[in-house]
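See structure below.
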Amino acid sequence: MNAGYRIMGVVNVTPDSFSDGGEFLDAERAIAHARRLLDEGADMLDIGGESTRPGAAPVGAEEELRRVLPVLEGLAGATLSIDTSKAEVAERAIDAGATLVNDVTALRGDARLVEVVAAKRTELCLMHMLGDPRTMQKDPRYDDVVDDIKAFLEERMAFATAAGVAEERIMLDPGIGFGKTVDHNLELLRRLGEIVALGRPVVIGASRKSFLGKITGREVTDRVAATVATSVLALERGAAVFRVHDVAPTRDALAVALATVTGRWSPRTTTS
Ligand code: HH2
């Protein structure tokens, strides 16, 4: 555990995720990849069985469970998050060891999910998305992107707490890339402090996303430096959880960024 922030390593058990689709569809490969992320310094792992990339086709609960359950079971002992919007998937994932439900629909996708989270007392990540993955990148518009998303997250948090989810278990995520233009994403990162001011840990998932490709001209697997830049700036603005594919560079960058911001650091053994 790091002082002040957590790194969430992404494990996509899907054929069609935008940056690593098909790489870890096989459970053994997904587990090996997840173990590597833990070795590299991930504090927790986010296991997903359904892509949310723009235009992604929805997946049924049965197929999602077939993908994620063996991976969750194979990672017993690690801190596990389940990236799902379905109550049935969340319930079974929690029974298999997940302690965090990461719902990109912020409890709008499946009416029963809030009951599962409340009853099982897991952590909950509420993320903002405009529309759904099929439509979200078609001309997204806001009055004021930060104010609109803050209002949305506050309303979703009120909904969750009214249904019995303890506020101290809730994290908030502005949903970088989910119904946002490049300028929306940049403004959200620049004004992240306003979302941090809502008082709950803020999750940032900018890893390898297309706005970074548009700015740098880099292909999806060559956006590590671009991702690290967003993580460092988000840390400086108060983000608490970093959802990334590339854990090792993130770990180093955030360790140095935190040491710089706070003036506190502790030595680690180096190999040379
Ligand atoms: N982004 C993705 C998926 N889940 N969850 C949260 N809380 N925040 C995010 O920004 C976020 C998320 C998309 O990234 P990825 O999982 O790599 O791709 P895909 O959805 O295509 O599997």
Side-chain angles (χ1 to χ4, degrees), residues 6-25 30 33-34 37 42 44-59 63-64 67-68 71 80-86 89-90 93 98 100-109 113 117 122-130 132-134 136-137 149 152-153 156-157 160 170-180 184-185 188-189 192 195 200-213 219-221 223-224 226-227 230-231 234 239-247 250:
R6 289 188 281 175
I7 297 176
M8 174 189 261
V10 178
V11 180
N12 285 322
V13 197
T14 63
D16 56 347
S17 286
F18 79 94
S19 81
D20 52 4
E23 267 190 72
F24 311 114
L25 191 52
H33 176 64
L37 297 183
M44 61 179 143
L45 299 167
D46 190 34
I47 316 296
E50 178 177 31
S51 172
T52 53
R53 81 181 149 76
V59 171
E63 174 61 15
E64 210 179 313
R67 294 176 185 175
V68 298
V71 178
L80 300 173
S81 160
I82 177 71
D83 188 350
T84 192
S85 304
K86 299 185 187 73
V89 175
L100 191 161
V101 174
N102 174 25
D103 177 13
V104 298
T105 75
L107 303 175
R108 296 172 300 164
L113 183 55
V117 173
T122 64
E123 289 187 282
L124 170 67
C125 178
L126 296 170
M127 195 198 80
H128 175 270
M129 168 166 46
L130 191 68
D132 64 51
R134 270 163 304 177
M136 64 189 182
Q137 287 308 105
I149 288 174
F152 170 88
L153 292 173
R156 289 289 83 199
M157 189 156 62
I170 297 177
M171 304 173 196
L172 303 175
D173 185 336
I176 298 292
F178 285 86
K180 280 108 188 164
H184 291 143
N185 291 319
L188 279 165
L189 288 165
L192 197 65
I195 292 169
R200 298 307 313 146
V202 168
V203 180
I204 284 293
S207 189
R208 299 182 181 179
K209 284 187 177 168
S210 70
F211 79 111
L212 301 175
E219 290 304 323
V220 74
T221 50
R223 297 177 188 161
V224 178
T227 302
T230 65
S231 297
V241 178
F242 299 84
R243 182 184 183 279
V244 294
H245 302 85
D246 305 287
V247 169
T250 302

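Since this is a predicted model, take the numbers as computed values, not measurements. Keep in mind that the numbers below use all heavy atoms, side chains included, and drop hydrogens, waters and symmetry copies. Just so you know, ligand 1 is whichever comes first in the structure, and atom 1 is the first atom listed for that ligand.
A side chain to side chain donor-acceptor pair (under 3.5 Å) with R243 is found for one member of T250, D83, D173 and no other, namely D83. Partner of R208 under the side chain to side chain donor-acceptor pair (under 3.5 Å) criterion, out of D20, D246, T221: D246 alone.
To the nearest 0.5 Å, atom NZ of residue K209 and atom OG1 of residue T230 are 10.0 Å apart. For the atom pair CE of M171 and CD of E123, the computed distance is 3.5 Å after rounding to the nearest 0.5 Å. Atom OG of S210 sits about 6.5 Å away from atom CZ of R223, to the nearest 0.5 Å.
The aromatic rings of F18 and H245 lie perpendicular to each other, with more than 60° between the two planes, well past the 30° mark.
Sorted by chain and number, the heavy-atom contacts of ligand 1 below 4.0 Å come from N12, S17, F18, S51, T52, R53, D83, N102, V104, C125, M127, D173, F178, G205, K209, R243, H245.
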